[in-house]
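The structure appears below as structure tokens.
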Amino acid sequence: MDDKKTILEFLGSVNHGVVGTVNKKGNPQAAMVGFGQTENLELIFGTSVLTQKAENISQNNHVSFVVNDPTRAIQYEGTARLLSGTEKEKYTKMYFEKNPGMAKYYELESQGYYLVTPHWIRYIDHTKSPDGTIEIRL
């Protein structure tokens, strides 16, 4: 199995992860979010634009993400952007296919959806460690 396929298979098997952001004072903030993914290893998540993470992203769009299960983990760094228009429709469709229970938030006026483009990904399979590590720079 190639590296990208291994990472996509894992991302497809987990629905929640932790997104990390930095506030304007440089302090870190982490929050659990549901997410979806694209074939290009991008992540999609939704949150109220009134949350701390949304405010942080509006000032500094560099984010981190951690996704794990009992034996595997992904560390992920990238840039996030708020989706709108046809892009919002396209990517939220993918997100809701994976997380149908989240669709109820779509109509909320304060709800925003973000696309995270990766710059670096590390996948670790602890059952194969140390040989179970894949690292991708994009």
Side-chain angles (χ1 to χ4, degrees):
M1 186 178 297
D2 73 357
D3 293 350
K4 182 178 176 182
K5 189 173 180 179
T6 298
I7 292 169
L8 281 171
E9 181 274 329
F10 176 62
L11 288 172
S13 72
V14 181
N15 287 10
H16 292 85
V18 176
V19 62
T21 61
V22 177
N23 70 19
K24 62 184 172 186
K25 293 182 179 180
N27 297 321
Q29 191 259 342
M32 180 74 73
V33 295
F35 74 92
Q37 69 283 335
T38 73
E39 293 295 316
N40 293 323
L41 302 174
E42 299 156 313
L43 301 179
I44 307 148
F45 72 93
T47 189
S48 167
V49 296
L50 305 175
T51 61
Q52 183 69 48
K53 63 186 159 291
E55 182 180 333
N56 293 348
I57 291 169
S58 74
Q59 298 171 29
N60 179 347
N61 69 343
H62 295 274
V63 301
S64 61
F65 233 94
V66 175
V67 179
N68 73 298
D69 71 11
T71 61
R72 301 171 294 174
I74 283 185
Q75 298 165 302
Y76 183 111
E77 295 175 2
T79 52
R81 64 184 175 87
L82 185 61
L83 295 167
S84 62
T86 58
E87 274 195 321
K88 179 180 173 183
E89 292 175 28
K90 173 186 171 182
Y91 289 111
T92 55
K93 182 178 178 184
M94 291 180 209
Y95 174 63
F96 296 143
E97 284 175 5
K98 183 175 178 183
N99 297 284
M102 298 297 196
K104 64 187 175 187
Y105 297 106
Y106 187 82
E107 297 300 326
L108 295 177
E109 187 175 318
S110 64
Q111 187 70 4
Y113 293 91
Y114 294 83
L115 181 70
V116 183
T117 302
H119 300 286
W120 173 81
I121 301 170
R122 176 180 287 147
Y123 166 86
I124 303 165
D125 182 339
H126 294 292
T127 66
K128 299 176 183 175
S129 192
D131 298 325
T133 300
I134 297 168
E135 190 169 316
I136 299 174
R137 293 194 183 276
L138 303 156

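One-based numbering along the sequence shown. This structure is a prediction, so every number in the text was calculated from the model and none was measured.
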Enumerate the salt bridge (Lys or Arg N to Asp or Glu O under 4.0 Å) contacts for residues 55-78, please, sequence neighbours excluded, ordered by first and then second residue.
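Every salt bridge (Lys or Arg N to Asp or Glu O under 4.0 Å) pair that includes a residue of residues 55-78, provided the two are not neighbours, is Glu9-Arg72, Asp69-Arg72.
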Carefully, step by step, assess Leu82 and Ile57 under the rule side-chain contact (heavy atoms from CB on, under 4.5 Å).
CA-CA 9 Å; Leu82 185 61; Ile57 291 169; over 6 Å; no
State, to 0.1 Å, how close [X] and [Y] come at their nearest heavy-atom pair, and which atoms those are.
X	Y	value
Gly46	Gln111	C-NE2, 3.5 Å
Ala54	Ser48	CB-O, 3.5 Å
Gly17	Val67	CA-CG2, 4.3 Å
Asn99	Gly36	ND2-N, 4.2 Å

Results of side chain to side chain contact (heavy atoms under 4.5 Å, CB included) for [X] - residues two or more places apart only:
X	value
Ser64	none
Thr127	Thr71, Asp125
Thr79	Asn61, His62, Thr117, His119
Lys98	Asn15, Phe35, Gln37

Sorted by chain and number, sequence neighbours left out, side chain to side chain donor-acceptor pair (under 3.5 Å) with Thr47 holds for Thr51, Lys53
Applying a strict under-4.5 Å side-chain criterion to I, L, V, M, F, W and Y, I'd like to know whether [X] and [Y] cluster together.
X	Y	result
Leu138	Val19	yes
Val22	Tyr114	no
Ile134	Ile124	no

In this structure, which one of Trp120, Tyr123, Phe65 forms a side chain to side chain contact (heavy atoms under 4.5 Å, CB included) with Gln75?
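Exactly one pass, corresponding to Trp120.
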Please assess Leu43 against Leu11 for the test side-chain contact (heavy atoms from CB on, under 4.5 Å), listing each intermediate value before the final yes or no.
CA-CA 9 Å; Leu43 301 179; Leu11 288 172; 4.1 Å; yes
What distance do Asp3 atom CG and Ile136 atom CD1 have between them, rounded to the nearest 0.5 Å?
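One finds 5.5 Å between CG of Asp3 and CD1 of Ile136.
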Can you tell me how far CZ of Arg81 sits from OG of Ser58, rounded to the nearest 0.5 angstrom?
15.5 Å
Restricting to ring pair (Phe, Tyr, Trp, His ring centres under 6.0 Å), what partner residues turn up for Tyr76, sequence neighbours left out?
none
Members sharing Met32's hydrophobic cluster (side chains within less than 4.5 Å)
Val18
For Tyr105, the hydrophobic cluster (side chain heavy atoms closer than 4.5 Å, chained through members) also holds Ile44, Leu83, Tyr91, Met94, Tyr95, Phe96, Met102, Tyr106, Leu108, Tyr113, Leu115
Contacts satisfying side-chain hydrogen bond (donor to acceptor under 3.5 Å, both in side chains) that involve residues 24-34 (not counting sequence neighbours) are Thr21-Gln29
Only counting residues at least two apart or in another chain, list the ones meeting salt bridge (Lys or Arg N to Asp or Glu O under 4.0 Å) with Glu135.
Arg122, Arg137
Flag yes if more than 12 heavy atoms outside Glu39 fall under 6.0 Å of its CD atom; otherwise flag no.
no
With side-chain contact (heavy atoms from CB on, under 4.5 Å) as the test, would you mind laying out the steps for Leu41 and Leu8 before giving the verdict?
CA-CA 7 Å; Leu41 302 174; Leu8 281 171; 3.6 Å; yes
Stepwise side-chain contact (heavy atoms from CB on, under 4.5 Å) check, Val14 with Asn68:
CA-CA 7 Å; Val14 181; Asn68 73 298; over 6 Å; no
